[in-house]
Every structure is written in structure tokens, then in C-alpha cells.
Protein chains: 2
Amino acid sequence: MRERPAVPMKSAVRRTTLAVDVVVLSPRAEALAVLLVRAPAGARERWTLPWDAPQADEGLEDAAARIAEAVLGEAPAFFEQVGAFSDAKRHPGDADVSIGIVALVPAGVEASSPDSGWFPLDGLPPLAPRHRAVVERAAAVARQRVDQSPLAFRLLPPTFTLTDLQSVYELLLGRRLHKASFRRALQASYLVEPTDEWRSEGRGRPAQLFRFAPRKRRGARRGVRFDLFTE
Amino acid sequence: MRERPAVPMKSAVRRTTLAVDVVVLSPRAEALAVLLVRAPAGARERWTLPWDAPQADEGLEDAAARIAEAVLGEAPAFFEQVGAFSDAKRHPGDADVSIGIVALVPAGVEASSPDSGWFPLDGLPPLAPRHRAVVERAAAVARQRVDQSPLAFRLLPPTFTLTDLQSVYELLLGRRLHKASFRRALQASYLVEPTDEWRSEGRGRPAQLFRFAPRKRRGARRGVRFDLFTE
DNA sequence: CGAATTAGTAACAAAAAGCCACTAATGTCA
DNA sequence: TGACATTAGTGGCTTTTTGTTACTAATTCG
């Protein structure tokens, strides 16, 4: 009856070129910043995301770790895929498909490569169109996940003040939060514990340092929230 | 100092084989179900996810639409990437990398291909290991996104009762919800509007039919919720 | 007709979040 | 040295949201 099978699963798999594009995010100078590397001479744009083709039998996250480590000197502690990008948008290596991966690095970590730099998300230099799309998606994913995953703690050193933590949340969410409410919610969550150290930052009362130490898992049996839709 | 450049972006892009694996989800018999197709004779497992290699210059979502349409007769209205899978886990076509894409179709839509069937998520037949991973990830993504995106409405016909809608939420969330709270939250969200039709389903009072018609965008200026962490 | 069944809502109680104002501990500088 | 500016941290009141119970409404079944 049918001229061809309804379920076309037998077509030969085409060979395509694949790239892993890494978006390393970190708070720099009161803004979320992306780590870019200088493009080789002759490239159309002067800066690109760190990227490479995955090696044989190398997982995508492993490839991302290797690529980020080459620029930073050490691998970030957090990675997450943000999507596969295959549209016609130009890639610096002309890869057919890019896997975008976001990595988070604490404030203060410096890149080991001199051919790299941190650029605030709202002040990026010209990038290949595909890289621009990957960065935008990565930022959107980070903002969307911030209260489903302890992302914010990956953007801070092992100990931090509660004001530091609140600043990271404000950075990701793009709005100011109320100090008392923020601390009350944090208290109820059992996510941090105080150390016995205090940091004096010039003027003002010294702040206690805390560390990320999630202890309990509350049921969180909440009703449905229809007002969180983002699309 | 270093023996090789810190930023290894010049390695030749390897050629890899790529597959798009589609997880079509729909509520069937009080459970979330996946659409599977019969594998060709000689395959190690009798069932697989619908999959294929993307054609030249075909976007990944376009490929997913084509693949799903071949089984269903029409393309689903909703697609979302759930990740790229590259680990050694075996794929039916031995693709190096799979892009997993979840598609949602309303309750009641029938497959046009006789070589296909709906299987509840907790009663799947043996699948290739990579396909099993893709299905698990797709279900996790659907569950995670249900209150950030109007997913639930994609699993229902154009008009539905509020009890239908609540049932879909309960299916996705895996727990019962309170009727009054659910309706109050829905009311406040301006996501649905009543039609002037009513449905009588055997015994009991007839229920009014509603349609998805999002009207307002509330600011949703809420504080941070630390209790929503899922990992 | 009355019991069973499903839809829909009012009203109250409990919990969470927003908000303001306060106290605490430091540095700055006249 | 002592007032003041500055940042940290908290108590407690108000407002909003959510959980819960218990009701009323409209239908079928027998």
C-alpha cells in the first residue's frame, strides 16, 4: 500500500562534523561574564567561545572539561548541556552541529591563558552567529535553573558571606531581593552552615562566612505555580 | 612552558554519525506513555524510539517533526530538546551521538502506523541502552518544566475540563493536588478561558469546557525559593 | 424520589513573604 | 575621642498566598 515504510529508520546515518562550544560563566565586576579566547589570525571575528571537536570515545562533558581546562588551568566543577545547535548559523570551525555546554566558575578564578578575557554578557564583542546563539541560550538556562539547582553556589568560592550569595542571586535574576526575606528563606532551606570565620571588608560590620552544606530534603509538596511560565 | 597550546581550537573536526531520537509522550490510560515503533527484523530489541539521521540542511526540530509525523500521521505541536547523548551506550543505528527530542501530543491522538504502540513509562519493553537513557531524560525534563512552560496544555485537546487539566498535572508531578487550590491558582494566572460548552461524562454534574488562552503576564516578582532544588 | 457521583466555591486557618525599623560592629574623620 | 557613615544581622508586624474543610449544584442510577 505505502510506497515507502511509514517508519523511516533505515536510512544510512550521514557523517557530520561536531563541535563542543563551552560557555564559561563567572561573576566579574558586578555582572555575569563569559570567558572568550582570541581567534586565530584570519578568522572573521577576533574572539570565539572555547570550542573543539570531541575526541574518539570522549563524552561531551569530558570534552567540555578538557576545553575549559585548557583556558582556565583547571576544570570547572559544574557543567550542563544547554542544547544542540544545527541551524545554518555560521560556526568558527564550520561544524555542522554544535553542542552548547555551560560551565560555572567562582568569582575570582583567573584564566591561565593570556589569549583569553572575560566579557560581560551585555558587552560582548562580535561573535560568530552560532556562538552568539549558544551564549544567549546558556545565559537563559542559567537564569531559569537558578532556583531548581544550587547554581549560585558554583559561582562563589567555598566560603562566602550571605551578602555575596544574595548578590549572585540578584545577578542571575536581574532584580533586587529583600535582605530579610532572602535570609529567612535560606535559613528554612538548610543549604548553608556558618563557619567560625568573619570577613571585614573595609568599613562596616564584619560579615560571617558560610559554606554550602545542604543537610535536609524537605518534601516541598507545593501546589502548582502557574505564574512561573517564561514562554 | 607548556608543550602544546593552551587553547586547542585548531584540531580538525572529526566526522561523526548523528541521530535524532524522538520521545513522543501522551497520556494513555491514566499514565504517561511513550510511542515506540517495531524494530526491523534482526535487531537486538523488538522496539525502538522513532529515530533517523537529520537530512542535509534540516534543522534538528525539523527532523524530529518529520520522524514523528511518519509514525503519527501528523506532526506534534510541541518539541523540545532534552540533550545530546554520546556515551558508549548502544544505539540501534550505532550513531555516535543522539540528539534527544521530546514531543507532546494530546490524549486521544492515534498513531497512523500499525507497527507502533503506546507504552506506559513504567512498563517499557526492552530498549537499546541509549534509548532507555533518552526516555528517562525526556520524562525528567517534562516533569521539571511543567510549571515553567504550558506543557500540560499540549497533552490535552483544544478544549478540556478543569478536572482533565488537573489530572494531567497530577500525572506529570506524580502526586495528588487539591482541587480548590489548583483552581484558585489557575484563576489567578489568566491562562484559560471558559467556553460555553459543557461536557456530561456519564454520572455526576456536567463540567464546563475551557480553552488555553493566556492573557496577561504578571510580573511574578517573587522571592527566591530554595526549596525547589531537585538535585 | 432518594442515594450516589462529579463539579464548583465560600470561608476560615495556617504558612509564607514583604516590609520596616531596629540593634550591632566596624572604619572614618573632624 | 566621639559623632557619623557604613555594612551586617534580626524582630516583629502586615499582607498575601496556600492548605483544608465543608458546603452547594447538577446530573445519573435504580
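Values below: every heavy atom of this structure, side chains too, minus hydrogens, waters and symmetry copies. In this text, all values refer to a predicted model and were calculated from it rather than measured experimentally. Proteins get letters first, then strands, A, B, ... in listed order; numbering begins at 1 in each.
Distance from the side chain of B:Q208 is smallest to C:dG8 among D:dG9, C:dT9, C:dG8. Candidate nucleotides D:dG19, C:dC19, C:dG8 were compared by shortest atom distance to the side chain of B:R184, and D:dG19 ranks first. Side-chain atoms of A:R225 lie closest to D:dT18 of the nucleotides D:dT18, C:dA7, D:dT27. Across D:dT27, C:dT6, D:dG11, the shortest atom-to-atom separation from the side chain of B:R205 is found for C:dT6.
Between B:R183 and C:dG8 there is a side-chain N or O to OP1 or OP2 distance below 4.0 Å. For C:dG18, the OP1/OP2 oxygens have no side-chain nitrogen or oxygen of A:H178 closer than 4.0 Å.
In terms of position on DNA chain C, the residue among A:K179 and B:Q187 whose nearest nucleotide sits closer to the 5' end is B:Q187. Comparing A:G204 and B:A207 by the nucleotide of DNA chain C that holds the closest heavy atom to each, the one mapping nearer the 5' end is B:A207.
Protein atom CZ of B:R222 is 10 Å distant from nucleotide atom C1' of C:dA16, rounded to whole Å. Here the C1' atom of nucleotide D:dT18 and the CZ atom of B:R176 are 18 Å apart, to the nearest Å.
Contacts of residues 154-165 of chain B with DNA chain C (heavy atom under 4.0 Å): B:T163.
In this model, a donor atom of one side chain and an acceptor atom of the other lie less than 3.5 Å apart for A:S98 and A:D21. Checked by atom type, the side-chain pair B:S167/B:D164 shows no donor-acceptor distance below 3.5 Å.
Among the atoms of the strands shown, base atoms are found under 4.0 Å from some heavy atom of A:A180.
Taking the six-membered ring for Trp and the full ring otherwise, the centers of A:F210 and A:F153 sit at least 6.0 Å from each other.
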Quick one: do B:V20 and B:V22 satisfy side chain to side chain contact (heavy atoms under 4.5 Å, CB included)? Show the steps, please.
CA-CA 6 Å; B:V20 170; B:V22 185; 4.1 Å; yes
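For B:R203, the CZ atom counts as loosely surrounded, since its 6.0 Å shell holds 12 or fewer non-hydrogen atoms of other residues, nucleotides or ligands.
Residue B:V82 comes nearest to B:I101 through the heavy atom pair CG2-N, 4.2 Å, listed as atom of the first residue, atom of the second, then distance.
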